[in-house]
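By convention here, the first residue in the shown sequence is residue 1.
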Amino acid sequence: MQFEKDLYGTFGGLVDPSYKGDEDIIYDAVIQGIPYEAATSGKKGTSYAMKALRAISQDMQIISRTGRDFSSIKIFDAGDVPIFPLDSEETRKAIENAFMYLRKTYHCPIISIGGDHSVTYPLIKGLQNEGKVGVVWFDAHRDLLDDFLRSKYSHGTSLRRAIDLPNVEPSNVLLVGTRYFTPEEEKVVQDLGIHELRKVDLENSSNWISDFQSILKEIESRVDYLYISLDIDGLDPACAPGTGTPVCGGVFTHELMQMLSSIQVPIAAYDIVEVSPPLDSSGITVKTMMGILTELLAKIFSLKF
């Protein structure tokens, strides 16, 4: 991996001397931005997340907090998905099509940076076209409402829409860090057998990493691909204040990183959503997003060997 300033605003100022438009080059990970926030109910600003991440990306560590050296990783910044703020259906199609193109072209994990959490539904939709998908949903909220703000496709309904898909079984979904509940969503979790490690469950467990690994292993045995969605409001607001729907009493950054580091199976795709730079006056949240991404990249690189 080579860091240099360039003219294209790419992630980390990354320059691959061998890249000359050859789509057959082998990358370890592809990153894309999805600057869409029309489906959020809280404060705005998530459409600026990828821009803010690119701006600080040259400060990215290339050795993880656990000592994994991934300085030889090859990352490709695919730019931003074209979005249409006044046409949510067209936006969803664009997100799905862009994701499928990247999967078909690069054959490596895809990391998408939102945007609000509604962007995850078309990403999972694109992946489930390839086979059965298991989902790990890290979030303060369950996002299992059938309708929110008179929309079936808001950031509060995205997981509900995902489990409507033919290749996403509710029993292959794991919610992690949840702590904001509604009666409707409680019934969905109980009736459909969705796995859940609420924040209080993590607090009361003597070995919550083992609990997480056990459920993930069970899901992985039944699916073709795993997808991990990371809503920044899953973290406690002390760690990530720059989000539109903060909920107190959340997971701390090191706990999330421990979970990510404990994963022992390949992940097809990730997303990080709901980071709002305009609400992040100290810059802590964007730095936290960078730290999480560092761990993801280290994990992706380590699973190659």
Side-chain angles (χ1 to χ4, degrees), residues 40-42 46 49 65 113-121 124 134-145 155-160 162-163 170-182 185-186 188-190 192-220 226-263 267 269-276 284-285 288-289 291-293 295-296 299:
T40 188
S41 61
T46 61
R65 67 193 288 269
I113 306 297
D116 67 52
H117 216 161
S118 71
V119 306
T120 304
Y121 164 65
I124 293 175
V135 178
V136 178
W137 198 271
F138 178 79
D139 201 324
H141 312 83
R142 289 163 164 167
D143 295 343
L144 286 167
L145 297 170
H155 71 160
T157 67
S158 45
L159 185 53
R160 184 68 170 269
I163 62 174
S171 59
N172 292 330
V173 172
L174 170 59
L175 292 160
V176 182
T178 46
R179 56 195 184 275
Y180 186 98
F181 310 116
T182 68
E185 292 172 301
E186 182 71 21
V188 172
V189 169
Q190 298 301 322
L192 298 184
I194 293 173
H195 297 278
E196 185 171 34
L197 289 172
R198 302 169 301 169
K199 180 57 172 71
V200 70
D201 297 324
L202 302 177
E203 293 168 3
N204 294 333
S205 173
S206 60
N207 193 342
W208 52 271
I209 286 289
S210 178
D211 298 339
F212 172 75
Q213 289 178 312
S214 177
I215 298 171
L216 188 61
K217 184 177 180 180
E218 177 188 337
I219 292 173
E220 191 267 339
L226 286 170
Y227 186 103
I228 294 183
S229 181
L230 303 167
D231 187 323
I232 206 69
D233 72 29
L235 294 175
D236 191 273
C239 305
T243 186
T245 50
V247 182
C248 66
V251 171
F252 285 95
T253 310
H254 73 279
E255 294 172 321
L256 172 59
M257 289 180 172
Q258 281 180 273
M259 280 187 267
L260 295 175
S261 293
S262 75
I263 296 170
I267 307 299
Y270 304 81
D271 68 52
I272 305 175
V273 296
E274 298 286 352
V275 173
S276 174
I284 290 174
T285 313
T288 298
M289 175 169 55
I292 294 168
L293 184 59
E295 295 304 308
L296 294 183
K299 170 57 67 173

### Task
Begin with the C-alpha distance, continue with both residues' side-chain angles, and end with the deciding distance and a verdict on side chain to side chain contact (heavy atoms under 4.5 Å, CB included) for Leu235 and Thr285.
CA-CA 10 Å; Leu235 294 175; Thr285 313; over 6 Å; no
### Task
Report yes if the side chains of Trp137 and Thr120 come closer than 4.5 Å at any heavy-atom pair, otherwise no.
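Yes; the side chains approach each other to less than 4.5 Å.
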### Query
With a 4.5 Å limit on heavy-atom distance, are the side chains of Tyr270 and Leu293 in contact?
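Not in contact.
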### Task
Evaluate side chain to side chain contact (heavy atoms under 4.5 Å, CB included) for Trp208 paired with Leu197, printing each intermediate quantity in order.
CA-CA 9 Å; Trp208 52 271; Leu197 289 172; over 6 Å; no
### Query
Who are the salt bridge (Lys or Arg N to Asp or Glu O under 4.0 Å) partners of Asp211, not counting sequence neighbours?
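Applying salt bridge (Lys or Arg N to Asp or Glu O under 4.0 Å) to Asp211 gives none.
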Testing the basics here: between [X] and [Y], what is the closest heavy-atom pair and its distance to 0.1 Å?
X	Y	value
Tyr121	Ser158	CB-O, 3.9 Å
Ile163	Val188	CD1-CG1, 4.4 Å
Ile267	Leu226	CG2-O, 3.4 Å
Ile124	Ala162	CD1-CB, 4.1 Å
Thr178	His141	CG2-O, 3.9 Å
Leu192	Pro170	O-CB, 3.5 Å

Within the side chain of [X], is there an N or O that forms a donor-acceptor pair under 3.5 Å with the backbone of [Y]?
X	Y	value
Glu274	Thr245	no
His195	Ser171	yes
Thr182	Glu185	yes

### Matching residue for Ile272 among Leu296, Thr288, Asp231 - test: side-chain contact (heavy atoms from CB on, under 4.5 Å)
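Passing option: Leu296.
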### Query
Under a 4.0 Å N-O cut-off, is there an ion pair linking Glu203 with Lys199?
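Here Glu203 pairs with Lys199 in a salt bridge, since their nearest N and O are under 4.0 Å apart.
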### Message
Do the side chains of Glu186 and Arg142 get close enough for a salt bridge, i.e. N-O under 4.0 angstrom?
### Response
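Looking at Glu186 and Arg142, the cut-off is met.
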Do [X] and [Y] have side-chain N/O donor and acceptor atoms under 3.5 Å apart?
X	Y	answer
Thr46	Asp116	no
Asp143	His117	yes
Tyr227	Asp271	yes

Calculate, to the nearest 0.5 Å, the distance between atoms [atom1] and [atom2] belonging to [X] and [Y] respectively.
X	Y	atom1	atom2	answer
Ile209	Leu202	CD1	CG	9.0 Å
Gln213	Ile215	CD	CD1	11.0 Å
Ser262	Leu216	OG	CG	7.5 Å
Asp139	Arg179	CG	CZ	8.5 Å
Leu175	Phe138	CG	CZ	11.5 Å

Show the atom names and distances, to 0.1 Å, of all donor-acceptor pairs under 3.5 Å that link a side chain in residues 248-260 to residues at least two apart or in another chain.
from   : atom 1 : to     : atom 2 : distance (Å)
Glu255 : OE1    : Phe252 : N      : 2.8

### Task
For side chain to side chain contact (heavy atoms under 4.5 Å, CB included), just list the numbers for Val247 and Asp233, CA-CA rounded to whole Å, side-chain angles, deciding distance to a tenth of an Å, and then say yes or no.
CA-CA 7 Å; Val247 182; Asp233 72 29; 5.5 Å; no
### Query
Got a sec, which residues hit side chain to side chain donor-acceptor pair (under 3.5 Å) with Ser276, two or more places apart in sequence or on another chain?
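Scan of Ser276 (side chain to side chain donor-acceptor pair (under 3.5 Å), adjacent residues dropped) gives none.
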